[in-house]
Every structure is written in C-alpha cells, then in structure tokens.
Amino acid sequence: MNHDVIINVHSVIPVSRINGPGKRMVVFFQGCRNKCAGCFNPETHPFIRIAEYHPGTIFTKFYRPGIEGLTVSGGDPFYQRRGLLQLLRSAREDYGLSTVVYTGFEYEMLAASTICRTIFSYTDVLIDGRFDETKIEPTMLARGSTNQRLHFLSNRYTEKDLVMPGKIELIVGPEGTITQTGFSKVA
C-alpha cells in the first residue's frame, strides 16, 4: 500500500443502500469546480481541507464487513486522481469490493489521461456528466439527471443493478445524528 497519497474527504457513509448496488461504503471527496445548479452536495464544492486520509486509513476507519462495494462521489473525485486510484485499487485488491464512481467530467475527456485509464481499470461503473436540474432523473436509476451517462467498465453490473430502492436515504447515527444521502433532498 502506498501511504504517500492523501485524500481530502468531505465525509464517509460506512453503509448505504441507495448509492449503488447492494450495501456500499460511500466516500465523498472534497472539491469541485463544476458548481452545477441544484447540486445535492454543494458543501463539497470548496477546495478547503476537511478531513485528510491515506486511502488505506479510510478502510481501516470506516469499512464494515458485509458490504458489497465502494461508491465514490463528491465533490468530484477526479480532482484527486492519485488518491482515487489508490482508493479504488485497495477496494478491489484488498477487500474484493465492486466500485462505482460519480464524476461531472465526461468519460471521453478523462480517457485521454493515462492515470484515468488506470482508474477505469479499477472501476465497475462510471456515472459521468454534470448534474442538470432541468433534467431530473424521474426513475429510481442511480443518477441525478437524465443527461448523466452510465458506463459499465466491467461485466459485474448491468443497468438493472443501478435501479435503487429509493431516492433518499436517512441514516440515524448512534448519537441520534441524521445523515441524508441519495438523489434528492427531503428539505
């Protein structure tokens, strides 16, 4: 494990059921320049230090046995490519997890980069494109707007696996804190 890579993380949800197939750990990276109107996670946009972790430390601190995969969102994880690569590699090689990655960049642009092509080799599903609040996804498909594309980069999943049991998930923590996640907002 390469411990010289640090990821600036906004937050981690150890177990979620609506951010990809099955039970998943969700890591939200900090920092995004897209600033899509109506974004679900505007607090992840500023490039400010929130919580810095080595990729392996994220698993040590937040991994729960029984999860199927890792979902990475943000912010945009492709602003921290070296960290994203290490995180996905560890998910697959050390924990046997599937991987889903959300980005506001488009696949074709990212594919021009050598490191992004390597990232893709550790990604099962890439959901690309900026969120467009005029094209809200009307179905339970795991994306915010219909212009966002699903790229199946392995044969592990199909589109039917990305149909979620809900649009919003509320998670009540042991101290009574409530975390909201998903593809819409309660308030």
Side-chain angles (χ1 to χ4, degrees), residues 7 9-32 34 36 39-41 44 53 55 58-59 62-81 83-111 115-131 137 139-169 171 179-184:
I7 302 173
V9 172
H10 178 269
S11 59
V12 178
I13 299 175
V15 180
S16 171
R17 295 177 190 269
I18 66 164
N19 284 288
K23 294 180 185 175
R24 311 188 71 77
M25 181 167 77
V26 186
V27 178
F28 296 92
F29 280 42
Q30 182 68 33
C32 181
N34 290 332
C36 303
C39 174
F40 303 128
N41 300 320
T44 65
Y53 296 107
I58 293 173
F59 289 103
F62 298 103
Y63 173 79
R64 303 291 184 270
I67 63 170
E68 177 174 334
L70 169 71
T71 294
V72 183
S73 187
D76 196 306
F78 281 91
Y79 285 110
Q80 301 182 69
R81 294 175 182 181
L84 175 61
L85 174 58
Q86 290 294 324
L87 185 68
L88 296 173
R89 180 181 288 149
S90 182
R92 182 165 294 169
E93 293 180 352
D94 300 333
Y95 295 89
L97 300 176
S98 66
T99 56
V100 174
V101 179
Y102 287 85
T103 180
F105 292 103
E106 294 189 353
Y107 172 85
E108 293 80 3
M109 187 187 111
L110 295 172
I115 191 170
C116 289
R117 288 192 302 273
T118 305
I119 289 169
F120 293 162
S121 72
Y122 292 97
T123 305
D124 292 302
V125 182
L126 179 79
I127 295 108
D128 79 343
R130 296 177 56 152
F131 173 71
E137 174 60 57
T139 72
M140 297 302 218
L141 203 56
R143 63 182 179 185
S145 57
T146 57
N147 62 298
Q148 295 174 314
R149 302 175 301 171
L150 284 64
H151 299 272
F152 296 93
L153 304 178
S154 74
N155 60 6
R156 190 165 185 162
Y157 295 120
T158 64
E159 186 170 309
K160 74 176 186 178
D161 298 312
L162 276 287
V163 176
M164 300 295 98
K167 287 274 195 190
I168 300 171
E169 182 176 32
I171 302 165
T179 301
Q180 178 178 304
T181 186
F183 302 95
S184 189

### Task
Please identify each residue that fulfils side chain to side chain contact (heavy atoms under 4.5 Å, CB included) with Arg143, with sequence neighbours left out.
Ile127, Glu137, Leu141, Thr146, Gln148, Leu150
### Message
Arg92: which residues meet the salt bridge (charged side-chain N to carboxylate O under 4.0 Å, His left out) condition with it, sequence neighbours left out?
### Response
Asp124
### Query
Is a side-chain donor or acceptor of Asn41 paired with a backbone partner of Gly75 at a separation under 3.5 angstrom?
no
### Query
If you round to the nearest 0.5 Å, how far is OH of Tyr102 from CZ of Phe29?
15.0 Å
### Message
What I'd like to find out is whether the side chain of Thr139 reaches to under 4.5 Å of the side chain of Val163, using heavy atoms alone.
### Response
no
### Query
Centroid-to-centroid, Phe59 to Tyr53, below 6.0 Å?
no
### Backbone of Asn19 reached by a side-chain donor or acceptor of Thr71 within 3.5 Å
yes
### Task
Give, for atom CG of Leu126 and atom NE2 of His151, the distance between the pair rounded to the nearest 0.5 Å.
5.5 Å
### Query
Arg24 and Ser98: side-chain donor and acceptor closer than 3.5 Å?
yes
### Minimal non-hydrogen separation, Ile18 against Gly182, with atom names
CD1-CA, 3.6 Å
### Query
Who pairs with Phe120 by ring pair (Phe, Tyr, Trp, His ring centres under 6.0 Å), at least two apart in sequence or on another chain?
Tyr107
### Task
Applying side chain to side chain contact (heavy atoms under 4.5 Å, CB included), run through Asp161 and Arg156 and close with a yes or a no.
CA-CA 9 Å; Asp161 298 312; Arg156 190 165 185 162; over 6 Å; no
### Query
For the side chain of Arg64 and the backbone of Phe62, is there at least one donor-acceptor N/O pair under 3.5 Å apart?
yes
### Message
Testing the basics here: between Thr118 and Ser121, what is the closest heavy-atom pair and its distance to 0.1 Å?
### Response
O-OG, 2.5 Å
### Glu159, CD atom: more than 12 neighbouring heavy atoms under 6.0 Å
no
### Message
With a sphere of 6.0 Å drawn around CZ of Arg81, does it hold more than 12 non-hydrogen atoms of other residues, nucleotides or ligands?
### Response
yes
### Spacing of OH belonging to Tyr95 relative to CE belonging to Met25, to within rounding of 0.5 Å
8.0 Å
### Message
Taking Tyr122's backbone N and O only, do any of them form a donor-acceptor pair with Thr99's side chain (distance below 3.5 Å, no angle check)?
### Response
yes
### Query
Taking the side chain from Asp76 and the backbone from Phe78, do they hold a donor-acceptor pair closer than 3.5 Å?
yes
### Query
Would Arg17 and Lys23 satisfy side chain to side chain contact (heavy atoms under 4.5 Å, CB included), going step by step from the backbone distance to the final call?
CA-CA 5 Å; Arg17 295 177 190 269; Lys23 294 180 185 175; 3.1 Å; yes
### Message
Do Leu162 and Val125 have side chains that approach each other closer than 4.5 Å (heavy atoms only, starting at C-beta)?
### Response
yes
#### Entry: Distance flag, aromatic centroids of Phe40 and Phe131, threshold under 6.0 Å
yes
### Task
Report yes or no: does Gln30 contribute a side-chain atom to a donor-acceptor pair with the main-chain N or O of Thr44 at less than 3.5 Å?
yes
### Query
In Å and rounded to the nearest 0.5 Å, what is the CD1 to CG distance from Ile115 to Leu110?
11.5 Å
### Task
Could you please spell out the steps behind the salt bridge (Lys or Arg N to Asp or Glu O under 4.0 Å) verdict for Arg149 and Glu108?
CA-CA 12 Å; Arg149 302 175 301 171; Glu108 293 80 3; 2.7 Å; yes
### Message
Could you go through Asp128 and Thr103, starting from their C-alpha distance and side-chain angles, then the distance that decides it, and tell me whether this counts as side chain to side chain donor-acceptor pair (under 3.5 Å)?
### Response
CA-CA 5 Å; Asp128 79 343; Thr103 180; over 6 Å; no
### From Thr181 atom OG1 to Phe28 atom CZ, the distance as rounded to the nearest 0.5 Å
4.0 Å
#### Entry: side chain to side chain contact (heavy atoms under 4.5 Å, CB included) evaluation trace for Val72 with Leu87
CA-CA 9 Å; Val72 183; Leu87 185 68; 4.0 Å; yes
### Task
Count the heavy atoms belonging to other residues, nucleotides or ligands that lie under 6.0 Å from NZ of Lys167, then report whether that count exceeds 12.
yes
### Message
Looking at Arg117 and Ala111, would you say the former's side chain and the latter's main chain have a donor-acceptor pair under 3.5 Å?
### Response
yes
